[in-house]
Each structure stands twice: as structure tokens, then as C-alpha cells.
Number of protein chains: 2
Amino acid sequence: MQFDASLPIYQQVVTDIKREIASGTVHPGDKLPSCRDLAVRYRINPNTAARVYQVLEAQGVAETRRGMGTYVRDDPQLKGTMLREMADGYTAQYVREMRGLGFERKELLKILAAWDGPEEQTKEDTGNGKGKTDA
Amino acid sequence: MQFDASLPIYQQVVTDIKREIASGTVHPGDKLPSCRDLAVRYRINPNTAARVYQVLEAQGVAETRRGMGTYVRDDPQLKGTMLREMADGYTAQYVREMRGLGFERKELLKILAAWDGPEEQTKEDTGNGKGKTDA
DNA sequence: CTTAGTGTACTATATAGATAGTTCACTAAT
DNA sequence: ATTAGTGAACTATCTATATAGTACACTAAG
């Protein structure tokens, strides 16, 4: 995983773990990696990894048991709640940004329907621009 | 304007000025406020304001003439170029985020079509949650 | 020339973030 | 009791950001 320099690393890792829960890759009750393992996986400092778990616990996403590890909160509704929360957050931000540029919802639908931009780069895909917004 | 603590202020001001150009509030050739005026308008430090113009110049959006001020580059295509650039950037990010949550384009269209969430708060709008994503 | 307004450059201070390294406290297994 | 693995708590250093304040160089207008 590569980090965006304009956002704290620990926040990006927090978001990534929440994404894994929301998308069903990690489940409520699952044990998360130890601070030291997490640091290795994301190539970050163990202190930064510990901070990730402190934030997740503060947000009610994870539970920490000293000496035992950190676990995803065992709440069957957790996945659905987080999926809705994150999707709504992304959508609200997108609509806000596009409105700031002068686009109304109707135009957003047209742009998204025509969107074929950067579809997951693969090895063979040399990534020629292809078509984007023609508005 | 209020700033997001998780992003450098100068970057947020840069984006705001580019948004004004893309949406047609400010036009190519227009004179931008002086560093000191900009600092007053955004309630930031004059040094931070100067940095904003350095970034805008580096990005080819503005031209600085020492002793005279900073101007939006006088290119008739600038507005269109920036509008496309910013809209594509926002859309690409949105699609990427939602795909990470497991949503395909078809679902995005449904979510956006049903979206009525946080429409620009006005004085009368007390901001009750209203309906959001029901996925 | 003088003045006002411009961008630029510098010193200094303060804070947040990230790193490195060490140590401690708790838990489970042996 | 010992050991290994866990989170937590420190000290220290470094960088980026933002602030305050001062000074300088250039431009146009008087």
C-alpha cells in the first residue's frame, strides 16, 4: 500500500482497515494483527501502528485487550453500519465537490454513466488516457 | 472558509482558487489579491498566502510579476482544462473509493440518483438526517 | 526622488506527524 | 517460574506546516 503524503499515515491505515471490515474482508470478532505485525505489513513504525489501534478503539471499531491483542468489535451490525457510513461520506463529499464546480445531480449521473476512466491498471494496460469527461 | 485540519492550509486555498477559476467565478487574466490581502481574506499568515501563489505558479495556473502582483494565466482554454481536470480527479477518486467498498458502477448510479443527503444547509434547514444510502 | 504596493527572503517559534529505540505491564502457554 | 507475545509508555530526533515579525527588491504613480 502506498500512502498519500498529504494525509497522516495512521489515518490512512485506519481507513484501510475500516474498508476491509465494510467490504467483508475482515469480520466482527476477528483478531487484528499485533502492533508489530501491522507495522511490518504496512511498512510503518510500531508506534504508528499502535496509534492506529488507539484510533480504531476510540471510534468503537476495535477492542483492545492488553496482552492479548486487538479485535474487531464483535457486533453483527458493524459491517452494515460502517459500509453505510463510509459510502455516505464518500458520496456526500463527491456531490459537494462537484456542486462547487457547478455540476448539478443530473450532470453527475451523466458523467458517471459515461465514466470509463482509469479502470484498475493491469500489467498489460499501458494506461493510455482513454476518454474522460467531455463536459 | 473553514479548513480541514488533516490537509495543509495552503493546499486547501490553492484548491479553492482553482475551483473559482474552473467554475467561472474568476477569469483568465484576472488579477488575484495581493499576498497580504489574500492573508486577510482567508485569515491566514502572509507567508502561507505567498506559498499559495508559488504553488499556483508552479502548476501553471497563475503568473507572478514581481512588484505588480499575481494574475490568473491569460489562456482562454484554462477554465475548460481545469474544470475537466478537477471533475475527472474527483470522479476517479469517488469511483475508486466506492469500488474499494464493493460497489460497481451500476450501484453508484442508483445511490446517486436516490441521493438527497445534506443539501447545502440554509438558515431554516435544521439538518435532520433525512434518508441516505439504504444499501 | 519619494511613496505605496507588490512578491520574496530571512529568522525564530510552535505544533503535528513519523521514525528509532528502549522499557514496562499484562496474558497465555510451557 | 520462565518464556513469548501482546499493547502501552516513554525519550529522542527529524520533517512539514503554520505562525509572527522584519527586511529587501521590484514596479508604477505622484
Side-chain angles (χ1 to χ4, degrees), chain A residues 1-18 20-21 26-74, chain B residues 1-18 20-21 26-75 78:
Chain A
M1 179 179 177
Q2 51 186 2
F3 299 108
D4 179 353
S6 66
L7 205 65
I9 291 178
Y10 75 93
Q11 281 185 22
Q12 298 180 52
V13 177
V14 164
T15 300
D16 195 52
I17 292 177
K18 289 169 72 175
E20 290 183 318
I21 299 172
V26 178
H27 308 88
D30 279 2
K31 183 178 188 308
L32 293 170
S34 74
C35 286
R36 294 163 179 81
D37 278 358
L38 194 73
V40 172
R41 292 194 192 191
Y42 284 93
R43 296 167 156 272
I44 59 179
N45 189 278
N47 294 323
T48 306
R51 187 167 187 180
V52 167
Y53 285 157
Q54 289 170 351
V55 172
L56 286 176
E57 173 143 48
Q59 294 184 354
V61 176
E63 284 174 349
T64 279
R65 298 173 227 168
R66 186 164 182 141
M68 293 190 59
T70 302
Y71 298 76
V72 178
R73 214 184 77 223
D74 199 355
Chain B
M1 177 178 178
Q2 52 186 0
F3 299 108
D4 179 352
S6 66
L7 205 65
I9 291 177
Y10 75 92
Q11 282 186 21
Q12 298 180 52
V13 177
V14 164
T15 300
D16 195 54
I17 293 177
K18 289 170 72 174
E20 290 182 319
I21 299 172
V26 177
H27 308 88
D30 278 2
K31 183 180 189 307
L32 292 169
S34 74
C35 286
R36 293 162 179 81
D37 278 358
L38 193 73
V40 172
R41 290 194 192 191
Y42 284 93
R43 297 167 155 271
I44 59 181
N45 189 279
N47 294 323
T48 305
R51 186 167 189 180
V52 168
Y53 286 157
Q54 290 170 351
V55 173
L56 285 176
E57 173 143 47
Q59 294 184 352
V61 176
E63 284 174 349
T64 278
R65 297 172 229 170
R66 188 163 180 142
M68 293 190 59
T70 302
Y71 298 77
V72 178
R73 213 184 78 221
D74 199 354
D75 171 3
L78 186 60

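Letters A, B, ... mirror the listed sequences (proteins, then strands); counts begin at 1. In this text, all values refer to a predicted model and were calculated from it rather than measured experimentally.
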Student: Under the salt bridge (charged side-chain N to carboxylate O under 4.0 Å, His left out) definition, can you give me all pairs with a residue in residues 4-17 of chain B, not counting sequence neighbours?
Tutor: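 Matches after skipping sequence neighbours: Asp16(B)-Arg19(B).
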Student: When you compare the side chain of Thr48(A) with that of Tyr42(A), does any pair of heavy atoms fall below 4.5 Å?
Tutor: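 No, side chains not in contact.
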Student: Which whole-number value in Å describes the distance from Arg36(B) CZ to dG5(C) C1'?
Tutor: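 Spelled out: CZ on Arg36(B) to C1' on dG5(C) is 8 Å.
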Student: With a 4.5 Å cut-off on side-chain heavy atoms, are Ile21(B) and Val61(B) touching?
Tutor: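 When only atoms from C-beta onward are counted, Ile21(B) and Val61(B) do touch, with a gap below 4.5 Å.
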Student: Would you jot down, in residue-number order, the residues of residues 37-52 of chain A having a non-hydrogen atom under 4.0 Å from DNA chain C?
Tutor: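 Heavy-atom cutoff 4.0 Å gives Ile44(A), Asn45(A), Asn47(A), Thr48(A), Arg51(A).
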Student: Supply the atom-to-atom distance Ile17(A) CD1 to Leu38(A) CG, rounded to the nearest 0.5 angstrom.
Tutor: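 One gets 5.0 Å once the value is rounded to the nearest 0.5 Å.
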Student: Relative to the 5' end of DNA chain C, which residue comes earlier, Leu32(B) or Gln12(A), by the nucleotide with the nearest heavy atom?
Tutor: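 Looking at the nearest nucleotide for each, Leu32(B) comes out on the 5' side.
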Student: Can you sort out which residues in residues 62-74 of chain A have a heavy atom within less than 4.0 Å of DNA chain C? Ascending by number, please.
Tutor: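 Of all residues in residues 62-74 of chain A, the ones placing a heavy atom under 4.0 Å from DNA chain C are Arg66(A), Gly67(A), Met68(A).
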Student: Roughly how many Å is it from CG in Asp4(A) to C1' in dG17(C), rounded to a whole number?
Tutor: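 Rounded to whole Å, this separation is 14 Å.
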Student: Sequence neighbours left out, what passes side-chain hydrogen bond (donor to acceptor under 3.5 Å, both in side chains) with Arg73(B)? Give chain and number order.
Tutor: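 Asp75(B).
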Student: Can you find a pair of side-chain heavy atoms, one from Ile44(B) and one from Phe3(B), that are under 4.5 Å apart?
Tutor: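 In contact.
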Student: For dG17(C) and Tyr10(A) - does any side-chain N or O of the residue sit under 4.0 Å from the phosphate oxygens OP1/OP2?
Tutor: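 Yes, because at least one side-chain N or O of Tyr10(A) sits under 4.0 Å from OP1 or OP2 of dG17(C).
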Student: Expressed in angstrom and rounded to an integer, what is the separation of Leu7(B) atom CG from dT17(D) atom P?
Tutor: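 In whole Å, dT17(D) P lies 10 Å from Leu7(B) CG.
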Student: The criterion is side chain to side chain contact (heavy atoms under 4.5 Å, CB included); which residues satisfy it with Tyr71(A), sequence neighbours excluded?
Tutor: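 Result, side chain to side chain contact (heavy atoms under 4.5 Å, CB included) vs Tyr71(A): Lys31(A), Arg65(A), Met68(A).
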Student: Checking Gln59(B) now: which residues fulfil side-chain hydrogen bond (donor to acceptor under 3.5 Å, both in side chains) with it, not counting sequence neighbours?
Tutor: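 In terms of side-chain hydrogen bond (donor to acceptor under 3.5 Å, both in side chains), with neighbours along the sequence ignored, Gln59(B) is linked to Lys18(B).
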Student: Which whole-number value in Å describes the distance from Glu57(A) CD to dT6(D) P?
Tutor: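 Going from CD in Glu57(A) over to P in dT6(D) covers 17 Å.
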Student: Measure CZ/Phe3(B) against C1'/dA16(C) and give the value in whole Å, please.
Tutor: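 Rounding to the nearest Å, CZ of Phe3(B) and C1' of dA16(C) are 18 Å apart.
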